[in-house]
There are 2 protein chains.
Amino acid sequence: MRLFKSSEYAIRCLVFMAISECDLCPVQQLATELNIPFKFLGRLMGRLRAAGFVESVRGKHGGYRIAKPLEKIRLEAIIDTVEGLDTYDRCILGFDRCDEENPCPLHDFWKSPKAGIQEMMAQVTLADMVQAKGKKLS
Amino acid sequence: MRLFKSSEYAIRCLVFMAISECDLCPVQQLATELNIPFKFLGRLMGRLRAAGFVESVRGKHGGYRIAKPLEKIRLEAIIDTVEGLDTYDRCILGFDRCDEENPCPLHDFWKSPKAGIQEMMAQVTLADMVQAKGKKLS
DNA sequence: TCTATATTCTACCCGGAGGTAGACATTGCG
DNA sequence: CGCAATGTCTACCTCCGGGTAGAATATAGA
């Protein structure tokens with residue numbers, strides 16, 4: 001079980017920006033502080049911008065800032081934007097049509113753990129992550 | 001959250017063999033019945049054999065059969081053999097040292113879902129899967 | 001206006017999981 | 001023996017997530 005590297009990066013950047021004193025964070029700063037490849041992060045931030053999580057200011061002294069209230073940015077939404085949610089709502093054996101009528105051998109055993117993951121992702125917001133006791137970002 | 005294709009294949013094959021009337025299952029039969037690439041499955045079965053889950057008989061009328069009591073084959077062990085367990089016991093943000101002393105922003109939220117997955121994998125055995133109400137294998 | 005610092009866009013490379021092909025080894029059976 | 005059916009081994013191909021490089025564009029400030 002692991003997120004895509006891109007999702008990890010996105011979450012760490014959003015938490016960093018939420019905590020940061022600065023208003024605008026240039027990609028260079030995020031990349032350096034969080035130890036993320038600069039060019040790669042540039043593209044990722046563009047996608048977070050397109051999705052409405054952040055807004056950008058171009059040119060000198062530009063950068064990114066969070067564009068919504070922290071409570072309105074759910075973990076689920078971040079992951080959905082970056083990598084999609086389909087892998088978190090599928091049969092653990094990969095079957096397209098695995099349901100109560102025609103379940104795979106792991107269907108019942110997988111139900112509860114899967115629900116746990118989904119519930120967590122649906123409830124936790126950026127505000128929760130910022131208020132959490134842990135702030136390790138690199 | 002998803003298993004490697006190889007893990008899905010391994011689980012489906014083991015359940016199929018456990019259910020099957022036949023003693024020996026040739027790879028060709030498994031590949032056809034379960035719709036798995038033949039050559040690919042050949043290699044995978046070799047690894048399941050090396051790990052002791054199945055044993056093989058070469059030559060005409062050969063094939064594979066399960067080599068241990070079904071109750072002694074845990075889901076955890078299958079997955080460990082095929083893809084390793086490290087991705088199921090790590091920080092969800094990918095940090096090497098993320099613990100109670102120095103937790104990441106998701107550490108506390110991730111604890112319970114992660115434990116749910118690990119517990120499920122550690123408890124479910126091949127016998128459980130065979131007895132489950134669901135037997136969808138393709 | 002010019003320059004430095006930004007974002008943004010496009011093209012390419014790398015490694016690993018999944019998949020394919022073919023040769024080789026082993027064995028039952030006519 | 002000789003053939004057919006099987007497992008076993010090695011080499012290669014494909015796709016995609018991750019990562020790199022460079023040019024184009026925008027803008028604050030001297």
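Predicted model only: the values in this text are computed from it and were never measured. Residue numbers begin at 1 in each chain, while the letters A, B, ... track the order of the sequences.
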Taking the side chain from Arg12(A) and the backbone from Leu137(A), do they hold a donor-acceptor pair closer than 3.5 Å? yes
Please confirm whether the shortest side-chain N or O distance from Ser6(B) to OP1 or OP2 of dG18(C) is below 4.0 Å. yes
With a non-hydrogen cut-off below 4.0 angstrom, is Phe40(A) in contact with a base, only sugar-phosphate, or nothing? base
Rounded to whole angstrom units, what separation is found between the CD atom of Gln29(B) and the C1' atom of dG7(D)? 15 Å
Pairwise distance SG(Cys25(A)) to OH(Tyr64(A)) - rounded to 0.5 angstrom: 11.5 Å
Is the shortest distance from a Lys or Arg side-chain nitrogen in Lys114(A) or Asp89(A) to a carboxylate oxygen in the other one below 4.0 Å? yes
Give me each pair satisfying salt bridge (charged side-chain N to carboxylate O under 4.0 Å, His left out) with a member in residues 116-138 of chain B, each pair once, sequence neighbours excluded. Glu100(A)-Lys133(B), Asp108(A)-Lys133(B)
Flag, side chain of Gln118(B) to backbone of Tyr88(B), donor-acceptor distance under 3.5 Å: yes
Atom CE of Met17(B) and atom C1' of dG7(D) are separated, to the nearest Å, by 14 Å
For the pair made of CG in Leu44(A) and P in dG18(D), what is the distance, rounded to whole Å? 10 Å
Residue set satisfying side chain to side chain donor-acceptor pair (under 3.5 Å) with Asp80(B), at least two apart, ordered chain then number -> none
Counting primed atoms plus P, OP1 and OP2 as sugar-phosphate and everything else as base, spell out the protein contacts along nucleotides 1-14 of chain C at 4.0 Å heavy-atom distance: B, S or - for each nucleotide, 5' to 3'. ---BBSBB--B---
By side chain to side chain donor-acceptor pair (under 3.5 Å), which residues pair with Asp23(B), not counting sequence neighbours? Arg65(B)
Short of 4.0 Å, heavy atom to strand atom, which residues of residues 77-91 of chain A count as contacting DNA chain C? none
I'd like to know if the side chain of Arg47(B) reaches the main chain of Val82(B), judged simply by a donor and an acceptor atom lying under 3.5 Å from each other, with no hydrogens or angles considered. yes
Could you pull out every donor-acceptor pair under 3.5 Å between side chains of residues 26-46 of chain A and any protein atom, sequence neighbours left out?
unit_1	atom_1	unit_2	atom_2	d
Gln28(A)	OE1	Thr32(A)	OG1	3.4
Thr32(A)	OG1	Gln28(A)	O	2.8

Measure from CZ on Phe4(A) to C1' on dG19(D) and round the result to the nearest Å. 15 Å
Phosphate OP1/OP2 of dA17(C) contacted by Tyr9(B) side-chain N/O (<4.0 Å): no
Atom pair distance, as rounded to whole Å: CD in Glu8(A) and C1' in dG17(D): 12 Å
Once you round it to whole Å, what is the distance between C1' of dG15(C) and NZ of Lys5(A)? 12 Å
Just how far, in rounded Å, is C1' of dG17(D) from CD1 of Ile36(A)? 16 Å
Using whole Å, report how far CZ of Arg65(B) lies from C1' of dT6(D). 14 Å
